[in-house]
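Comments concern the structure below.
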Amino acid sequence: MIGFLSSQSPETVSEPLRGFRQGLKEFGYVEGENVAIDYRFAQNQVNRLPELTAELIGARPGGNLTGINFFLNELVAKRLELLRELVPTATRVAVLVNPANAEVTESTLRDVEAAARSMGLQIQILKANTSQEINAAFESLVRERPDALFIAPGPFFTARRVQLTQLAARHAVPAIYSLRQSVEVGGLISYGSSLTDAWRQVGVYTGRILKGDKPADLPVVQSSKFELVINHETARMLGLTVPPTLLSTADEVIE
């Protein structure tokens with residue numbers, strides 16, 4: 001039996017779960033055949049994670065942890081550089097953060113402000129923790145008219161990716177995201193770890209533990225595959241010309 005806990009909703013992680021099951025399969029484990037998975041989803045309510053964790057461990061903790069660093073937060077400066085490369089005339093960038101996700105917000109603002117200073121960019125901070133607050137943030141954005149938008153990483157914004165990409169398109173603001181899922185639904189550009197590959201590594205580790213390896217003997221591994229995804233159609237609608245260097249280095253260009 002494997003306990004699976006996610007802060008997001010099932011539909012949001014369907015593709016990464018495919019990678020997780022592939023990693024398990026590499027060690028001979030197939031869900032429903034020789035292994036069962038007990039799923040718990042917090043539905044983007046991070047405060048539910050302790051309760052769901054308690055349900056899964058059932059007072060039988062293993063005493064040791066290991067896992068994968070997905071590098072969602074560490075790539076902030078690189079994302080800002082890519083946004084500037086795509087919108088070279090930008091001088092003012094709005095940064096949308098979720099104040100309820102305090103740790104991610106703090107690290108994002110620290111890194112993006114440092115990167116912005118080095119690039120000579122001005123930063124406008126917007127905050128949202130509900131769908132209504134996202135709408136309000138874009139109303140503020142329309143009044144201030146920044147040149148581009150930086151969406152902080154986090155499960156809430158991933159869950160609201162359709163709303164975010166539609167508002168960005170409606171108000172003609174170039175925006176960068178941390179995960180490809182946002183670009184697949186119409187977002188302009190994303191850069192971050194490949195969740196499918198990272199979750200495949202999680203599946204591999206799970207398979208090793210099922211085979212007898214101890215978590216304490218397995219070091220936390222780092223995501224090794226990063227992907228740049230560009231929606232060329234969205235760029236054209238925004239009147240942007242994607243530099244050939246970006247097109248050539250992109251892992252996927254959506255037409």
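- Applying the side-chain hydrogen bond (donor to acceptor under 3.5 Å, both in side chains) criterion to Asn129, with sequence neighbours excluded, gives no partner residue.
- Atom-to-atom distance recorded for Tyr177:OH and Ser182:OG is 6.0 Å, nearest 0.5 angstrom.
- Taking Thr12 as the reference, Ser9 meet the side-chain hydrogen bond (donor to acceptor under 3.5 Å, both in side chains) condition, with sequence neighbours excluded.
- Between Arg208 and Asp213 there is a salt bridge, with a side-chain nitrogen of the basic residue lying less than 4.0 Å from a carboxylate oxygen of the acidic one.
- Pairing each heavy atom of Ser118 with each of Ala115, the nearest pair is OG-O, 2.7 Å.
- Here the CZ atom belonging to Phe27 is positioned 10.0 Å from the OH atom belonging to Tyr205, to the nearest 0.5 angstrom.
- How far CD1 of Ile189 is from CD1 of Ile176: 4.5 Å, rounded to the nearest 0.5 Å.
- In this structure, the separation between OG on Ser6 and OH on Tyr39 is 11.0 Å, given to the nearest 0.5 Å.
- For Glu31, the salt bridge (Lys or Arg N to Asp or Glu O under 4.0 Å) criterion is met by Arg21, not counting sequence neighbours.
- Applying the salt bridge (Lys or Arg N to Asp or Glu O under 4.0 Å) rule to Arg160 yields no partners; only residues at least two apart in sequence or on another chain are considered.
- A donor-acceptor contact under 3.5 angstrom links the side chains of Asn135 and Gln163, judged on distance only.
- Side-chain contact between Leu188 and Pro174 is present, with heavy atoms from C-beta onward closer than 4.5 Å.
- Here the side chain of Ser178 pairs no donor or acceptor atom with the backbone of Gly192 at under 3.5 angstrom.
- Residues Tyr191 and Arg79 share a closest heavy-atom pair of O-NE, 2.6 Å.
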Identify each donor-acceptor pair in which a side-chain atom of residues 242-254 lies under 3.5 Å from a protein atom, sequence neighbours left out, and give them as a table.
{"residue": "Thr245", "atom": "OG1", "partner": "Glu85", "partner atom": "OE2", "Å": "2.9"}
{"residue": "Ser248", "atom": "OG", "partner": "Pro244", "partner atom": "O", "Å": "3.1"}
{"residue": "Ser248", "atom": "OG", "partner": "Thr245", "partner atom": "O", "Å": "2.9"}
{"residue": "Thr249", "atom": "OG1", "partner": "Thr245", "partner atom": "O", "Å": "2.9"}
{"residue": "Thr249", "atom": "OG1", "partner": "Leu246", "partner atom": "O", "Å": "3.3"}
{"residue": "Asp251", "atom": "OD2", "partner": "Leu228", "partner atom": "N", "Å": "2.7"}
{"residue": "Glu252", "atom": "OE1", "partner": "Arg180", "partner atom": "NH2", "Å": "2.1"}

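- Under a hydrophobic clustering in which Ile, Leu, Val, Met, Phe, Trp and Tyr are joined whenever their side-chain heavy atoms come within less than 4.5 Å, directly or via other members, Leu238 and Val173 fall into different clusters.
- Between the side chain of Ser193 and the main chain of Leu195, no donor-acceptor pair closer than 3.5 Å is present.
- When all heavy atoms of Ala175 and Ala168 are compared, the pair lying nearest together is CB-CB, 4.4 Å.
- Contact detail for Ala94 and Leu126: the closest heavy-atom pair is CB-CD1, 4.0 Å.
- Residues Val95 and Gln124 form no side-chain contact, since every pair of their non-hydrogen atoms from C-beta on lies 4.5 Å or further apart.
- Under the 4.5 Å side-chain heavy-atom criterion for grouping Ile, Leu, Val, Met, Phe, Trp and Tyr, Leu164 is not connected to Val112 through any hydrophobic cluster.
- Put simply, the side chain of Ile2 reaches to within 4.5 Å of the side chain of Leu24, judged on heavy atoms.
- Minimum heavy-atom separation, Tyr29 to Gly207: CE1-O, 3.7 Å.
- Counting only heavy atoms from C-beta outward, the side chains of Gln45 and Arg48 approach each other to under 4.5 Å.
- Annotation: side-chain contact (heavy atoms from CB on, under 4.5 Å) contacts of Met237 (sequence neighbours excluded): Glu233, Thr234.
- For the atom pair OG1 (Thr165) and CD (Glu184), the distance works out to 11.5 Å, reported to the nearest 0.5 Å.
- In this structure, Leu96 is not a member of the same hydrophobic cluster as Ile123, with clusters built from ILVMFWY side-chain heavy atoms closer than 4.5 Å.
- Under the side-chain hydrogen bond (donor to acceptor under 3.5 Å, both in side chains) criterion, Thr206 pairs with no residue at all, not counting sequence neighbours.
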*asked:* Between Val13 and Phe20, does the side-chain contact (heavy atoms from CB on, under 4.5 Å) criterion hold? Intermediate values first, please.
replied: CA-CA 10 Å; Val13 298; Phe20 174 67; over 6 Å; no
*Candidate pair Val183 and Ile230, rule side-chain contact (heavy atoms from CB on, under 4.5 Å), full reasoning*: CA-CA 7 Å; Val183 181; Ile230 299 171; 5.9 Å; no
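- Among residues two or more places apart in sequence or in another chain, the salt bridge (Lys or Arg N to Asp or Glu O under 4.0 Å) test is passed with Asp38 by Arg40.
- Side-chain contact between Gln8 and Thr158: present, with at least one pair of heavy atoms (C-beta onward) separated by less than 4.5 Å.
- Side-chain atoms of Pro16 and Gln181, non-hydrogen and from C-beta on, do get closer than 4.5 Å to each other.
- If you chain together hydrophobic residues whose side chains sit under 4.5 Å apart, Leu86 and Val76 fall into the same group.
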*Start with the C-alpha distance between Leu167 and Ile134, add both sets of side-chain angles, then the distance that settles side-chain contact (heavy atoms from CB on, under 4.5 Å), and finish with yes or no.*
CA-CA 9 Å; Leu167 285 168; Ile134 289 177; 3.7 Å; yes
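- Residues Glu15 and Arg18 are paired through a salt bridge, judged by an N-O separation under 4.0 Å between the basic side chain and the carboxylate.
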Please tabulate, for the side chains in residues 136-157, all donor-acceptor contacts under 3.5 angstrom to protein atoms that are two or more places apart in sequence or on a different chain.
{"residue": "Asp147", "atom": "OD2", "partner": "Thr91", "partner atom": "N", "Å": "2.8"}
{"residue": "Asp147", "atom": "OD2", "partner": "Thr91", "partner atom": "OG1", "Å": "3.2"}
{"residue": "Asp147", "atom": "OD2", "partner": "Arg92", "partner atom": "N", "Å": "3.0"}

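- Under the salt bridge (Lys or Arg N to Asp or Glu O under 4.0 Å) criterion, Glu11 pairs with no residue, sequence neighbours left out.
- Annotation: salt bridge (Lys or Arg N to Asp or Glu O under 4.0 Å) contacts involving residues 114-133, sequence neighbours excluded, are absent.
- Connection of Val229 to Phe226 is not established within any shared hydrophobic cluster, with ILVMFWY side chains joined at heavy-atom distances below 4.5 Å, either directly or through further cluster members.
- The side-chain hydrogen bond (donor to acceptor under 3.5 Å, both in side chains) search around Glu26 returns Arg200, not counting sequence neighbours.
- The OG1 atom of Thr196 sits 9.5 Å away from atom CG of Leu17, with the distance rounded to the nearest 0.5 Å.
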